[in-house]
Every structure is written in structure tokens, then in C-alpha cells.
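Reckoned from all heavy atoms, side chains included, excluding hydrogens, waters and symmetry mates.
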Amino acid sequence: MSDAGHEAEGVAILLWATDPAAPHRLVTPFFHAAAAAAMDVPVEIYFTARSVHLLVPGVADALRASPHHRKTVGDAMREAVAHGARLYACTDALHAQGLDPQQLISECAGHGGAVQFMARACDLRWRTLVF
């Protein structure tokens, strides 16, 4: 990491434009999350807008970034979680998309939305990324 005193306490990732209808955009955030988590940096991934569909069982496992990509989006998500990333679903986005908050993949750590992400964004010890 960087010099002492400048290390990130964590990384918060907001999934906003990661729409299941555009699978070529879906794997990169999870690769970055897995890399940071593998470096022992706490990682929180906030699913918002249409990205909450990735938390519905079977959706991410049916998607690949390209026909040549061996791993599914679900594989990339599980890899990030295996390294320590935590997945959070925005309650408002779930409601807007007509999804049942009780019917999400087991890897989803709970609910978190604008307030939680903005708290991380305002904390100078955290870094934020938006995909």
C-alpha cells in the first residue's frame, strides 16, 4: 500500500451503471473488489439501481462478460466475497425494481444504500469507486 498514514481504511464500491442487460460491464468491479480485499483492505459493495438484480439467485450465474470469458459474473462476485468483500443491497432500489429483499443470494450481507455509501464517501479514511 502507500506510505504510513495514507493507507485506506477501506474501499466502498457503488454499483450504479452495472446493469445485467450490459454484462460486459459487470465483472470489473468484482475483480477490483477481490484485489483490494486480498490486500486485507475492507471492501463494501453497494448494489443500487438495476444492479440489485445481480443479487437475485441465478441472475449473476447466467451472465458472462463475454462469450470467451470462462467465469460467470456470479463466480466473480463469490471470489470477491471469498476474499472478504461484503455485498449490500439498497432497499430503495430493491423496491423500485420490484424485488423481494428476503429472496437474495446468501452472499448478500444485508441492506445499505445512499446513507451508508455517503458516510463512507465523506470519511477521509475510505476510498470510493463508482461503476
Side-chain angles (χ1 to χ4, degrees):
M1 297 273 307
S2 58
D3 296 333
H6 297 283
E7 292 182 8
E9 187 172 304
V11 175
I13 298 173
L14 179 70
L15 302 182
W16 171 70
T18 49
D19 187 328
H24 61 283
R25 293 186 188 145
L26 300 179
V27 175
T28 301
F30 302 110
F31 284 168
H32 283 80
M39 295 167 45
D40 293 324
V41 175
V43 176
E44 298 175 350
I45 305 174
Y46 294 88
F47 291 73
T48 186
R50 289 193 36 81
S51 73
V52 294
H53 286 277
L54 297 173
L55 298 172
V56 173
V59 172
D61 287 326
L63 299 171
R64 284 184 164 60
S66 80
H68 309 289
H69 207 268
R70 179 177 54 86
K71 292 181 182 179
T72 67
V73 174
D75 292 334
M77 289 170 62
R78 283 186 291 278
E79 186 174 304
V81 169
H83 284 291
R86 297 181 54 83
L87 312 181
Y88 294 103
C90 174
T91 305
D92 288 337
L94 290 170
H95 180 71
Q97 297 298 314
L99 301 176
D100 183 349
Q102 302 303 316
Q103 301 296 317
L104 304 178
I105 60 174
S106 61
E107 291 85 0
C108 184
H111 298 125
V115 172
Q116 291 84 356
F117 181 78
M118 289 311 297
R120 294 302 194 202
C122 291
D123 186 333
L124 297 178
R125 298 165 297 177
W126 278 71
R127 307 301 187 262
T128 56
L129 299 169
V130 178
F131 288 91

Please identify each residue that fulfils side-chain contact (heavy atoms from CB on, under 4.5 Å) with [X], with sequence neighbours left out.
X: P57; value: I105
X: L129; value: V11, I13, F131
X: A89; value: L55, L94, L104, C108, H111

Gap between atom [atom2] of [Y] and atom [atom1] of [X] - 0.5 Å precision:
X: L63; Y: H53; atom1: CG; atom2: NE2; value: 11.5 Å
X: H95; Y: C90; atom1: NE2; atom2: SG; value: 11.5 Å
X: S51; Y: L87; atom1: OG; atom2: CG; value: 10.5 Å

For residues 14-28, the side chain to side chain donor-acceptor pair (under 3.5 Å) pairs (sequence neighbours left out) are D19-R50

Only pairs at least two apart or in different chains count here, so list each side chain to side chain donor-acceptor pair (under 3.5 Å) that has a residue in residues 64-74. K71-E79, T72-D75

ILVMFWY cluster, F31 and L14 together (side-chain gap under 4.5 Å): no

M118, I45: one ILVMFWY side-chain cluster at the under-4.5 Å cut-off? no

Sequence-distant partners of Y46, ring pair (Phe, Tyr, Trp, His ring centres under 6.0 Å), two or more places apart: Y88, F117

Considering all heavy atoms, the nearest [X]-[Y] contact:
X: A65; Y: V27; answer: CB-CG2, 3.7 Å
X: A49; Y: A93; answer: N-CB, 3.5 Å
X: A37; Y: G84; answer: CB-N, 4.1 Å
X: P29; Y: L15; answer: CB-CD2, 3.6 Å

More than 12 non-hydrogen atoms from neighbouring residues, nucleotides or ligands closer than 6.0 Å to NE2 on H83, yes or no? yes

Does a side-chain heavy-atom distance below 4.5 Å link M77 with F47? yes

Quick check: do V56 and Q103 have side-chain heavy atoms less than 4.5 Å from each other? no

Salt bridge (charged side-chain N to carboxylate O under 4.0 Å, His left out) partners of residues 92-121, not counting sequence neighbours, each pair once: E44-R120

